[in-house]
Amino acid sequence: MNTADLRKKVALSIEGMKEHAAEILVDLIRFPSVCGEEMGAVNYLKGKLVSSGFCPNIIPMDTSIKNHPEYTYYTNEPTWENRGNLVTDYGGNGDGKSLILNAHLDVVPAEEWKDGFAPKRDGDVITGRGACDDKGGVVSGYLALRALKDCGIITSGRLSLHNVIDEETGGNGTLSLLHGGYTADAAIVGECTDNVICPANRGALWFQLTTKGVSTHMGEIDNGVSAIETAQHAINILKEYEKYMIENFMDHPYFNDLEHRPIQLCIGMIKSGEWPSMVPDTCMVEGGMGFLPNKDIDDVKIEMRQWILDKGDDWLKNNFSIEYNKLHNAAYEIPPDHPFVETIRTSAPFAGISDHITGWPVSCDARLFPRVADMPVICVGPGKLKHAHSRIEQVLISEILKTAKLYAFTAMDWCGIEKD
Ligand SMILES: [Zn+2]
């Protein structure tokens with residue numbers, strides 16, 4: 001069979017699994033797989049893969065990543081006992097290039113969305129927490145692997161499904177696998193890019209700023225120093241830094257056609273004070289900074305601190321600290337002429353997907369592949385970002401099928417096909 005006929009066969013196989021795909025997605029959404037609670041979903045998917053004839057393995061979390069520079073600290077650290085990522089390998093007996101299809105099984109909570117884990121189907125639309133972020137992408141990877149196997153197509157290079165945990169909290173699941181040597185010649189991360197091919201992600205850095213003051217009674221206000229007002233001064237400087245970043249680092253070929261500006265500094269949380277008539281002596285501010293691949297994350301860290309030192313008044317300069325102990329996701333880009341970008345773009349039209357490439361204006365596990373394993377990586381998956389983390393989280397089954405075709409065709413081309 002020639003490649004065109006093989007593609008047709010695979011496409012038909014994927015379309016034939018439409019109801020199966022919907023069923024698996026609905027089942028997966030029923031598992032409230034928030035950080036620390038993912039193993040129900042992991043074991044369910046493992047069961048589906050086993051009954052399809054694959055040999056999936058749960059790889060325990062590698063505790064040595066706690067010393068890795070890409071490790072993300074948790075607000076509430078979950079136990080790592082009996083938790084792990086699901087790895088399913090297929091093909092790989094030939095000398096073709098290897099490929100990882102990565103998608104995460106953990107989800108953000110649905111506390112104020114009481115039906116979040118009670119999925120609903122309305123024709124082509126499935127609604128529920130995790131529908132597009134990222135269980136739709138998980139199902140696409142599963143379908144791609146199933147279709148290839150069912151069609152008797154064995155990839156010459158190894159094709160691996162990596163269904164990871166701990167993505168929403170910063171990426172320790174994927175980090176654990178990459179650090180443990182579960183790498184390949186390229187990876188696709190199945191995030192909800194609305195099936196737009198994204199060989200670049202913006203970066204995101206969370207900061208924790210603390211300012212100190214001198215506490216006094218309001219009646220002696222001139223003897224005190226307000227930590228809140230000191231923090232306000234620091235925030236104004238950080239907003240000036242945001243302006244500088246927008247003016248100087250917004251021009252990037254992957255990020256010029258976006259609807260929203262991808263560089264932003266957000267003040268998300270402020271904690272301070274004990275009493276209305278007391279000058280507060282400590283103020284804690286937490287926020288996030290988004291930036292593009294033309295800026296190194298370590299430079300952003302240094303510059304934010306330096307701007308406060310350079311522009312702050314004497315009190316602020318000597319009475320603040322800024323830490324970056326939580327989410328710290330570097331930006332990344334894979335050049336448009338990279339062979340992997342060319343491969344996926346060539347496959348896209350056969351899957352009904354545009355070969356247009358752009359940057360993704362959020363951050364996900366993708367940046368870990370180039371940072372930790374020097375691998376090319378592309379984000380593309382079903383569902384829209386505007387639905388992720390929302391109370392109307394949803395995905396179209398037809399889009400999941402398109403993504404599955406893209407994954408399968410890309411794998412056939414990139415990994416090669418074993419000849420018998
Ligand atoms: Zn996600």
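All ligand and atom numbering here is 1-based and tracks the order in the structure. Numbers here are sequence positions counted from 1.
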Of all the atoms in E191, is at least one N, O or S atom closer to the Zn ion (ligand 1) than 2.8 Å?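 Yes, E191 qualifies, because one of its backbone or side-chain N, O or S atoms lies under 2.8 Å.
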Has D133 got an N, O or S atom lying less than 2.8 Å from the Zn ion (ligand 1)?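 A backbone or side-chain N, O or S atom of D133 is under 2.8 Å from the Zn ion (ligand 1).
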Consider only side-chain N and O atoms of T403 and N195, and report whether a donor and an acceptor are under 3.5 Å apart.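 There is such a pair between these side chains.
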Please determine, by modelled atom types, if N85 and H162 share a side-chain donor-acceptor pair under 3.5 angstrom.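 No, because no side-chain N or O of N85 sits under 3.5 Å from a partner of the opposite role on H162.
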Is the centre of the Y142 ring less than 6.0 Å from the centre of the H20 ring?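 For Y142 and H20, the ring centres are under 6.0 Å apart.
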Measure centre to centre between the rings of F249 and F291, then say whether the value is under 6.0 Å. no
Please name the atom of H104, limited to N, O or S, that comes nearest to the Zn ion (ligand 1). NE2
